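Here is the structure we will look at, set down as structure tokens.
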Amino acid sequence: MSKVKYYYDSESLSYKKIEKRKRNTFKFASVFILASALFGLFFLFLTGNYIESPKEKALKRELENMKFQYEILNKKMNEAEAVLANVADRDNNIYRVYFEANPIPEEQRRAGFGGINRYKNLEGFDNSKLIIESNKRIDILQKQIVVQSKSLDEIAILAEEKEELLAAIPAIQPVSNEDLTRMASGYGMRSDPFTKVRKMHWGMDFTAPRGTPIYASGDGVVVRADSGSSGYGKHIRINHGFGYTSLYAHLYKYNVRKNQKVKRGDLIGFVGSTGRSEAPHLHYEIFKDGNRINPINFYYGSLTAEEFSKLLESASLENQSLD
Ligand SMILES: [Zn+2]
């Protein structure tokens with residue numbers, strides 16, 4: 001119970017009780033409660049923001065560690081990107097050039113993913129930027145690896161084809177150098193041995209004694225071994241695929257038959273002078289896609305640089321062909 005207070009009333013000359021004014025009490029109570037509430041809120045705010053609970057401390061440490069791990073991941077991605085960039089560089093500038101494939105444009109190698117926002121569920125967090133950027137980098141890396149892998153598959157196929165092409169293409173001299181008397185005449189304008197008229201000589205003449213072995217200049221299939229073509233006498237045609245055919249004319253004897261498969265260097269026949277020929281020699285032609293081309297560029301498989309330059313020199317002399 002609170003004390004009862006009195007006051008002296010000078011009019012009635014007596015002490016009178018002081019009546020507590022209810023309104024004041026109520027006001028005071030309200031202010032007190034409000035102040036307490038405010039203080040409480042302020043305290044909550046203070047502890048919430050500046051004073052960490054052990055759980056919060058642990059979470060914060062975990063978060064820091066996570067950020068640190070992301071940094072390490074990003075460093076590893078730097079390395080992976082550098083290695084892949086080097087592989088892509090070699091791919092574009094060596095492999096694809098060597099195998100005559102177009103380089104893959106940088107935009108295609110580094111293309112991200114278009115359309116829908118793949119990273120939407122990662123948005124709206126404090127670390128969203130870090131996480132989204134890292135995800136993007138990994139996605140691009142993955143895509144680059146797929147592009148690179150496809151390119152290498154393509155190169156592997158091209159390499160296989162190239163191997164076949166390299167084996168097929170006419171690439172050796174059809175008569176051994178030691179058997180040659182001389183390289184009589186090359187591809188170009190030559191005087192005809194019979195009419196002495198200047199005309200196109202579509203092949204190369206290798207002068208050698210009758211019976212000198214003739215070798216297939218590349219892998220292929222014998223498509224003709226007969227004397228049915230006017231002028232060529234007994235002759236052989238080998239289809240090498242890839243648009244290449246080689247022709248060997250004025251033979252003395254065959255060593256292969258039509259439809260027979262041959263390898264480069266196989267003995268296919270012997271030098272003679274059948275058909276329109278002045279003396280024993282091998283008349284040799286190469287066709288590419290049906291057109292006769294200069295065989296001089298197809299001896300890299302068997303000649304040294306010196307031998308080749310000698311051949312080049314004698315082949316370019318405008319003399320009389322043996323036809
Ligand atoms: Zn000729």
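First listed ligand is number 1; within each ligand, the first listed atom is number 1. Residue numbers start at 1 and run along the sequence shown. These numbers were taken from a predicted model, which means no experiment stands behind them.
Between Arg276 and Asp192, at least one side-chain nitrogen of the basic residue sits less than 4.0 Å from a carboxylate oxygen of the acidic one, meeting the salt-bridge criterion. Taking the charged nitrogens against the carboxylate oxygens, Asp323 and Lys199 do have a contact shorter than 4.0 Å, which makes a salt bridge.
Closest to the Zn ion (ligand 1) among the N, O or S atoms of His283 is ND1. For Asp205, the N, O or S atom with the smallest separation from the Zn ion (ligand 1) is OD1.
Listed by first and then second residue, the salt bridge (Lys or Arg N to Asp or Glu O under 4.0 Å) pairs that reach into residues 158-175 are Glu100-Lys162, sequence neighbours excluded. Pairs engaging residues 70-87 under the salt bridge (Lys or Arg N to Asp or Glu O under 4.0 Å) rule: Glu81-Arg137 [sequence neighbours left out].
At a threshold of 2.8 Å, the Zn ion (ligand 1) has no backbone or side-chain N, O or S atom of His250 nearer than that distance.
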